[in-house]
Amino acid sequence: MRTIDDLDVAGRRVLVRSDLNVPLADGKITDDGRIRASVPTIKALRDRGARVVVCAHLGRPKGEVKPEFSLAPVAARLGELLGTDVRFASDVVGDSARAAAEGLADGEVALLENLRFEPGETSKDDAERGAFADRLAALAHLYVGDGFGAVHRRHASVYDVPRRLPHAAGGLIAAEVDVLKRLTEDVARPYAVVLGGSKVSDKLGVIDNLLGKADRILVGGGMVFTFLAAQGHEVGKSLLERDQLDTVRGYLRRAEESGVEIVLPVDVVAATAFAADAEHSVVAADAIPADRLGLDIGPESGKLFAAKLAGAGTVFWNGPMGVFEMEPYAHGTRAVAQGLIDSGAFTVVGGGDSAAAVRRLGFDEGAFSHISTGGGASLEYLEGKTLPGLKALED
């Protein structure tokens, strides 16, 4: 896979596909981690005299122009981080985009409006997607793929445009791929995986694949209640995927047969309602009251998980242990994050909610070996799937 070091970019327009899909509240960015992660590649191109045209998506506007999904706040924040004005185009491939791109001087940066305002970006129709890709590619001479969080999508800006322009991987994608190879090829053992989040069904493929690769898998978050129920335990009103019970029982059998240790919580924080001010208490994981729902792993489970991480050679973590956005249910996620730091292992935080939790709970990002910008992309890579965006950059 070529990198930006292999491209002659001086004086040329370079279309950079970044991942700027940040959370917004009332038009304000609440976590700028993905913007900050995109800066090094953009800055490296600027410093070499490129005319940088950045494109990205935000949310799921489903091919319609929706002001609440505008990238305008992102353009302002990107400019602050770069220390320069970023021209903002009010459309994606229209008059404003062409004017912004063609008006750039060497070392200047423009950002196009939300790619997903255009139905062609995400279309499953090859002709419609290709027609949009033609218009997007026409804005530049070269293409740099740097939006790792989108490489598992067969979208125009990720898959079709690099097939139309000379292309290379940006620094972020190159770093992500190097890290994922360390999780799949020459893994330092013991290899521990921590999985959380709400649903088992979101992680079926990765669990299936990791049962043949990991030494131990620690399970928390909402998905743990399907594991507990599969063992015959009462889970009250907790999140439960009944249609996955047989699948989970199969995983538990396979793990036992293959010598993979699956670690489940021994206690949980159970509340009367999904609310920060609800009555809540710590209960044994096999004795959740029928009228309560589990919203976090308990303190003994936090200690257990940290102990299981101690001495690991590699740790991959994807998914919070509880509803970390509410302080009463943040302790389990905090304990796991600290456990990763204290383990001394090569630690990878797998994007999405886990990365947001690390920042929200006040941890130093530098204390982890790598914080991924793409949770879904990381999981699909670990499942062994071919990622369209990476394949396009390798071709």
Side-chain angles (χ1 to χ4, degrees), residues 1-7 14-23 31-45 52 54-60 71 74 78 81 111 114-116 121-122 143-163 167-185 202-203 205-206 316-319 346-356 358-359 365 368-395:
M1 186 184 297
R2 289 185 302 175
T3 69
I4 56 174
D5 293 336
D6 299 313
L7 296 179
V14 181
L15 183 70
V16 180
R17 190 4 170 140
S18 296
D19 181 5
L20 305 176
N21 188 27
V22 295
D31 181 354
D32 68 354
R34 283 178 168 156
I35 306 176
R36 287 186 286 111
S38 74
V39 165
T41 291
I42 296 170
K43 188 175 185 304
L45 292 168
V52 185
V54 182
C55 63
H57 75 277
L58 179 64
R60 296 182 178 179
L71 281 170
V74 174
L78 180 60
L81 292 167
L111 174 64
N114 191 340
L115 286 163
R116 292 186 182 174
E121 166 67 359
T122 59
Y143 174 90
V144 169
D146 207 40
F148 180 73
V151 293
H152 58 314
R153 307 294 188 193
R154 196 182 178 100
H155 290 171
S157 65
V158 175
Y159 178 74
D160 298 277
V161 174
R163 301 171 76 192
H167 53 266
L172 178 60
I173 278 187
E176 294 272 12
V177 171
D178 284 346
V179 165
L180 288 168
K181 286 181 177 177
R182 290 186 64 173
L183 294 178
T184 53
E185 296 177 8
D202 290 342
K203 297 185 169 70
V206 75
F316 173 72
W317 171 31
N318 183 283
F346 176 70
T347 54
V348 179
V349 180
D353 288 339
S354 307
V358 162
R359 290 188 280 267
E365 294 181 53
F368 304 90
S369 304
H370 182 75
I371 296 182
S372 177
T373 57
S378 296
L379 289 176
E380 290 200 15
Y381 190 102
L382 293 180
E383 287 178 40
K385 290 184 177 179
T386 297
L387 307 187
L390 293 186
K391 186 176 188 307
L393 292 175
E394 289 166 353
D395 289 346

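Computed from a prediction, not measured in an experiment: that's the story for all the values here.
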By side-chain contact (heavy atoms from CB on, under 4.5 Å), which residues pair with Asn21, not counting sequence neighbours? Asp19, Arg34, His57, Leu58

Residue set satisfying side-chain contact (heavy atoms from CB on, under 4.5 Å) with Pro23, at least two apart, ordered chain then number -> Thr30, Asp31

Which heavy-atom pair separates Leu20 from Ile35 by the least distance, and what is that distance? CD2-CA, 4.0 Å

With Ala168 via side-chain contact (heavy atoms from CB on, under 4.5 Å) - residues at least two apart: Arg2, Leu7

With sequence neighbours excluded, what pairs up with Lys203 under the salt bridge (charged side-chain N to carboxylate O under 4.0 Å, His left out) test? none

Please list, chain by chain and in numerical order, all residues satisfying side chain to side chain donor-acceptor pair (under 3.5 Å) with Glu176, sequence neighbours excluded. His370, Ser372, Thr373

Side chain to side chain donor-acceptor pair (under 3.5 Å) partners for Ser38, two or more places apart: none

Those residues that, when tested against Arg36, pass side-chain contact (heavy atoms from CB on, under 4.5 Å) (two or more places apart): Asp32, Leu81, Arg359, Glu365

Contacts of Asn114 meeting side chain to side chain donor-acceptor pair (under 3.5 Å) (sequence neighbours excluded), chain-then-number -> none

Give a yes or no on whether a salt bridge exists between Arg60 and Glu121, defined as a side-chain N under 4.0 angstrom from a carboxylate O. no

Mind jotting down which residue pairs meet the salt bridge (Lys or Arg N to Asp or Glu O under 4.0 Å) criterion with at least one end in residues 150-160? Sequence neighbours excluded, please. Arg129-Asp160

Taking the side chain from Asp353 and the backbone from Gly319, do they hold a donor-acceptor pair closer than 3.5 Å? no

What side-chain donor-acceptor pairs closer than 3.5 Å can you find for residues 384-395, not counting sequence neighbours?
none

